[in-house]
Amino acid sequence: VLADSATPVVVGERQIDREEIRRFSVAIGARDPVHTDVHAAVQAGFRDVVAPTAFFAALGLSMGRVVPVSDLREDGIVATEPVGARIVGGETSFVYHGPVLAGDFVTVTRRFIESYKKQGKTGPLEFYVSERQYLVDGTPRATEVYSRVSRQ
Amino acid sequence: MTLSAVQHSELATSTDTPVATMSFEVSELDLFQFSASTFLCHRIHFDREFARSEGHQDLVVHGPLQGAHLNVLASAVAERIGAELGSISFRHHTSAFCGDTLTYAAYREQEEPVEPAEPVILRMTARRSGDGQIVTSGRAELRYRAREA
């Protein structure tokens, strides 16, 4: 799915809970207690614990990928994904508009932006650029633009 | 957890001196926790034999984990100066492996002090131990919070 819909399609939506924010924060070493302690979050002026900014990337990575082992390839990647030795990640950028809190219902959309070719050191490269939006109640909390690079 | 606390330096220094650093000694447990918390099942991150059969020297550190650490570092600098992380971008240049120590550093991009309404721009790197090569580089924009009138 390197070049799919140019109009945004919903790739997943779900409610975020305290425990997944806590687990992710511990896994990445985000030590601010607003991520793990509801009292600290409330004292800091939030309704509930706050996801670290990198949580958006985790959402984008996991949505559509929580599948049984029977739907994985031998290397552990979801069978329907067009990845392999000839496709690698390029640049990733995020613009943060606001935080996600426990209890928020997040919708993730994706749209294809463009593809272009460039000469690499070992041959031609094709870049595919896509965007993900992370919305709460229809309002973007983060916008991600990422590229995948295909070696010809 | 083998991620060190962020070490801050004076902000008004040259663009060659990091304003904040932290280090990450990569262990199997760090890689497992990140795979588990994101449900990423790629075996190169937790199955050493498989990773080597794919041509890697050891278990591969997730690129998104390095991106997350750059977020942690930039957020810590933002918090220290009363700003917030407005945007971040990063790209990976080569792989890092289990057993490496990654050193993350954030540098001021502007040489001159910025006005309170202007964003502070950080450029960031993650270097692996051994050959000191930059494995990931990035850029972050810190915005000062709007002040009440």
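Computed from a prediction, not measured in an experiment: that's the story for all the values here.
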pair B:His42-A:Ile77: side-chain heavy atoms closer than 4.5 Å:
yes

Whether A:Phe24 and B:Phe34 hold their rings parallel, tilted or perpendicular, with breakpoints at 30° and 60°:
tilted

Identify which part of B:Ser75 has an atom lying under 4.5 Å from any heavy atom of chain A, answering side chain, backbone, both or neither.
side chain

Toward chain A, the part of B:Ile88 with a non-hydrogen atom under 4.5 Å:
both

Does A:Leu61 reach the side chain of B:Leu40, with side-chain heavy atoms less than 4.5 Å apart?
yes

Which answer fits B:Leu85, side chain, backbone, both or neither, if we ask what part of it has an atom under 4.5 Å from a heavy atom of chain A?
both

4.5 Å side-chain heavy-atom contact, B:Thr38 and A:Phe55
no

For A:Gln119, does the CD atom sit with more than 12 other heavy atoms under 6.0 Å from it, leaving out its own atoms?
yes

To the nearest 0.5 angstrom, please state how far the CD atom of B:Gln33 sits from the CZ atom of A:Arg23.
10.5 Å

May I ask you to check whether over 12 heavy atoms, not counting those of B:Glu49, lie within 6.0 Å of atom CD?
no

Looking only at heavy atoms, which of residues 132-142 of chain B get nearer than 4.5 Å to chain A?
none

For the backbone of A:Thr92 and the side chain of B:Arg91, can you confirm whether one donor and one acceptor N or O come within less than 3.5 Å of each other?
no

For B:Phe32, look at atom CZ and say whether over 12 heavy atoms of other residues, nucleotides or ligands are found less than 6.0 Å away.
no

All heavy atoms of B:Leu65 vs all of A:Ala27, minimum pair found to be CD1-O, 4.2 Å

Shortest non-hydrogen separation from A:Val95 to B:Arg143 and the atoms involved
CG1-NH2, 3.9 Å

